[in-house]
Amino acid sequence: MKPSLPKGTRDFGPQQMLRRNYLFGILRGAFERYGFQPLETPAMENLSTLTGKYGEEGDKLLFKILNNGDYLAKADQSALQALDSRKLTPSISKRGLRYDLTVPFARYVVMHRHELAFPFKRYQIQAVWRADRPQRGRYQEFYQCDADVVGSDSLMYEAELAGLYDYVFDQIGLPVQIRINNRKLLYGLAEVCGITDRFTEMTVAIDKLDKTGPEGVQKEMEQRGIPAEAAAKVLSSIAPVENSDTEAQLANWKQLLSQSETGLKGLAELEEVFDYAGRTQMSNELIFDPTLARGLSYYTGCIFEVNAIDANMGSLGGGGRYDDLTGLFGLKDVSGVGISFGAERIYDLMEEKGLFPKNLPGQLQLFLIALDEESHKHAFELLQHLRHSGVASDLYPEPAKLKKQMKYANALKVPKVLIIGSEEMKTGMYALKDMSSGEQRKCGIIDVLMELFSKKEG
RNA sequence: GUGGGUAUAGCUCAGCUGGUUAGAGCACCAGAUUGUGGUUCUGGGGGUCGUCGGUUCAAAUCCGAUUACCCACCCCA
């Protein structure tokens, strides 16, 4: 049998994993520093938890798990006869793979509402699965990295999440632009233009601005049943005003939305977020962007998106506030706000820009090579000392030919090799070789340790 | 869900309108070099040409079906 991989899935080899772990480590550290607590939920959920949460499209993309045992005996016989897959599904599958991290999180919050201290802040880094057709940068199994707060409508959290984005991308060494808008402001715009019945259509169209340009958006809105004049008004309103700062832009919008209560509320929220954010030190820019819409989503307040400054890649993360996340599970009026990091894209960009450090945590640091039986035993003892001193190290399983062992060390990409023969064993002065420069010198075990630890810090 | 592409060595791919024994680069193994990898040179191993069927004296090559993967759109991360 020929080994193969299901479509849209990937193996992550050792070199890739070291890099992924480095990135996830930065995220984990940042989440924890900002007071978010870790959470993991099962790979599979009851189908009843998942269906109906992602729209009709989403339901089609759910991976369903076939029931165990004689599932056909318990199947809906009439649906089976009629070859009606949709009707048959609930009777042969009661579980599915998680589609995102937000819905399982909402389920968790509702189930544990009496034990949790609100506001509850959690982060979650786990794989999710979607039965989408794969394409470039899109997989059926991929990781999401989310941080959410539920149980408070304080706008402090919006500013905090912007700060979290800033902190993470600063640590990674990737300059970004953090954009913020408010769905209420967009709703106000729809009110002013008289198209509240086409609000979702409007946001979906606006979302495509950077892809299709103003003409494309105009066309899209008209196709979706928005009158041409109203569409033109929407476009002129969100068009960038040259040489104007955030303050001036917000003032401008205040005038535009003076007849819309919702719109003004959105503006006031944005002002408050900027007030909080202004009291923090940020390395990246937080800018108001009225063209940010975030499509069909369930967001109801502030929304975010992050883009790399000098790379034309899609967004590296996004998020926002949703007023009634847990309502679907019967817990009303719990406001939440959260963000997500597009780890796969961030990874690709880091690779492209060479942002991964050369010495990654977890990488083997030293490889021991022994040349005869006696020195092999000696090396084995030495190895235990090195490991207990905190050096990630290894030894070839037998005193094979030096060439063979060197070749192995090279394949492992280990930065340094320690060669031990009878002479070295007697004197305690080992041959320490740097694999990239090829330089080699004799040194005692203390020197070896000093060399490795000084390297680690630098 | 709609449309397109590809399938030949472990990997990336050549192989013209059908015609001897199916090739290259990388990788692998051995030697040049009995205490030095990565670089260089020499040699070597490795393929039912995705699967099934059809056309033909003859199919990796033409035709059909099928399976798998990839790419684009929709949507999304």
Side-chain angles (χ1 to χ4, degrees), chain A residues 1-11 13 54-62 85-86 98-102 125-146 200 203-205 207-208 211-212 216 220 223-224 293-298 304-307 313-319 338-349 367-372 375-376 396 399-425 430-442:
Chain A
M1 198 199 70
K2 227 178 176 174
S4 65
L5 219 47
K7 88 171 112 172
T9 65
R10 299 155 291 168
D11 287 324
Y54 309 105
E56 208 171 316
E57 281 294 311
D59 282 357
K60 282 190 213 155
L61 301 181
L62 284 174
S85 310
R86 247 180 98 173
R98 72 166 104 75
Y99 182 87
D100 70 357
L101 301 179
T102 309
I125 300 175
Q126 285 188 281
V128 303
W129 294 269
R130 296 183 186 181
D132 215 352
R133 283 268 180 89
Q135 49 186 285
R136 189 194 239 310
R138 261 174 88 177
Y139 303 94
Q140 294 205 335
E141 178 186 73
F142 61 97
Y143 276 73
Q144 287 195 331
C145 312
D146 285 15
T200 304
T203 59
V204 169
D207 219 30
K208 293 180 181 163
K211 242 189 196 171
T212 63
E220 173 102 22
Q223 270 170 11
R224 289 176 185 264
R294 292 194 70 73
L296 283 165
S297 49
Y298 39 73
F304 302 99
E305 212 160 281
V306 182
N307 289 79
M313 185 175 275
S315 80
L316 301 179
I339 57 172
S340 182
F341 288 81
E344 319 274 357
R345 275 188 186 167
I346 295 170
Y347 179 96
D348 287 347
L349 210 53
F367 190 74
L368 271 52
I369 290 178
L371 299 171
D372 56 58
S375 39
H376 187 256
Y396 203 76
K401 275 200 281 192
L402 177 54
K403 185 175 175 137
K404 190 164 181 166
Q405 300 193 61
M406 283 298 292
K407 212 164 172 169
Y408 182 70
N410 191 57
L412 294 178
K413 295 195 162 66
V414 64
K416 289 201 186 322
V417 161
L418 198 67
I419 301 164
I420 305 162
S422 54
E423 186 66 22
E424 285 84 353
M425 190 177 72
Y430 310 107
L432 181 66
K433 176 164 178 140
D434 183 293
M435 291 296 274
S436 53
S437 69
E439 278 166 38
Q440 188 170 324
R441 67 189 175 85
K442 294 256 174 185

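Throughout, protein chains are lettered first and strands after them, A, B, ... in sequence-line order, and every chain is numbered starting at 1.
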Query raised in the report: Can you check whether A:Ala400's main-chain N or O pairs, donor with acceptor, with A:His376's side chain at less than 3.5 Å?
Result: no
**Report entry** Watson-Crick and G-U pairing of RNA chain B written in dot-bracket, each distance under 3.5 angstrom, with | for inter-strand partners
**Finding:** (((((((..((((.....[...)))).(((((.......))))).....(((((..]....))))))))))))....
Requested in this report: Send over the distance from A:Gln405 CD to B:rU36 C1', rounded to a whole Å.
Outcome: 11 Å
Requested in this report: With sequence neighbours left out, write down each residue that passes ring pair (Phe, Tyr, Trp, His ring centres under 6.0 Å) with A:Phe142, or none if nothing qualifies.
Outcome: none
Query raised in the report: With A:Phe367, which residues qualify under ring pair (Phe, Tyr, Trp, His ring centres under 6.0 Å), at least two apart?
Result: A:Tyr408
Query - Heavy-atom pair of closest approach, residues A:Ser375 and A:Ser422 - result: OG-N, 4.3 Å
Report task. Go through the N and O atoms of the side chain of A:Asn410 and the base of B:rG38, and report whether any donor-acceptor pair is under 3.5 Å. Result -> no
Give every pair of a protein N or O atom and an N or O atom of nucleotides 1-5 of chain B that lie under 3.5 Å apart, one pair per line with the distance.
unit_1: B:rU2; atom_1: O4; unit_2: A:Arg133; atom_2: NH1; d: 2.2

Query raised in the report: Counting side-chain heavy atoms from CB outward, which of B:rC74, B:rA77, B:rG37 is closest to A:Lys211?
Result: B:rC74
**Report entry** Nearest-Å distance once atom P is located in both B:rU56 and B:rU61
**Finding:** 16 Å
Query raised in the report: Hey, are the side chains of A:Arg138 and A:Glu344 touching, using non-hydrogen atoms and a 4.5 Å cut-off?
Result: no
Query - Within 6.0 Å of NZ in A:Lys442, more than 12 heavy atoms from elsewhere - result: yes
Report each atom pair, protein N/O against N/O of nucleotides 31-35 of chain B, whose distance is under 3.5 angstrom.
unit_1: B:rG35; atom_1: N1; unit_2: A:Glu424; atom_2: OE1; d: 3.3
unit_1: B:rG35; atom_1: N1; unit_2: A:Glu424; atom_2: OE2; d: 2.9
unit_1: B:rG35; atom_1: N2; unit_2: A:Glu424; atom_2: OE2; d: 2.9

Query raised in the report: Going by ring centres under 5.5 Å and near-parallel planes (under 30°), is A:Phe142 stacked on B:rA77?
Result: yes
Requested in this report: Tell me which of A:Pro134 and A:Gly317 sits closer to the 5' end of RNA chain B, going by the nucleotide each one is nearest to.
Outcome: A:Pro134
Query raised in the report: Under 4.0 Å between a side-chain N or O of A:Lys433 and OP1 or OP2 of B:rG38?
Result: no
Report summary line: Heavy-atom closest pair (A:Gln405 atom, A:Ala370 atom, distance to 0.1 Å) is NE2-O, 2.9 Å
Report task. Classify the nucleic acid contact of A:Ser340 as base, sugar-phosphate or nothing, counting any heavy atom under 4.0 Å across all strands shown. Result -> nothing
Query raised in the report: Is there a donor-acceptor contact under 3.5 Å from the side chain of A:Arg345 to the main chain of A:Ser315?
Result: yes
Report task. Starting from P on B:rC73, measure out to CD on A:Gln223 and report it in whole angstrom. Result -> 17 Å
Requested in this report: Using the test salt bridge (charged side-chain N to carboxylate O under 4.0 Å, His left out), find all partners of A:Arg224 that sit at least two apart in sequence or belong to another chain.
Outcome: A:Glu220
Query raised in the report: Would you say the side-chain atoms of A:Asp11 pair up with the backbone N or O of A:Gly13, donor to acceptor, closer than 3.5 Å?
Result: no
Query raised in the report: When the distance from CD of A:Gln144 to C1' of B:rC76 is rounded to whole Å, what number comes out?
Result: 10 Å
**Report entry** Span that lies between the C1' atom of B:rA59 and that of B:rU8, in whole angstrom
**Finding:** 14 Å
Query raised in the report: Counting side-chain heavy atoms from CB outward, which of B:rC74, B:rA77, B:rG37 is closest to A:Gln135?
Result: B:rC74
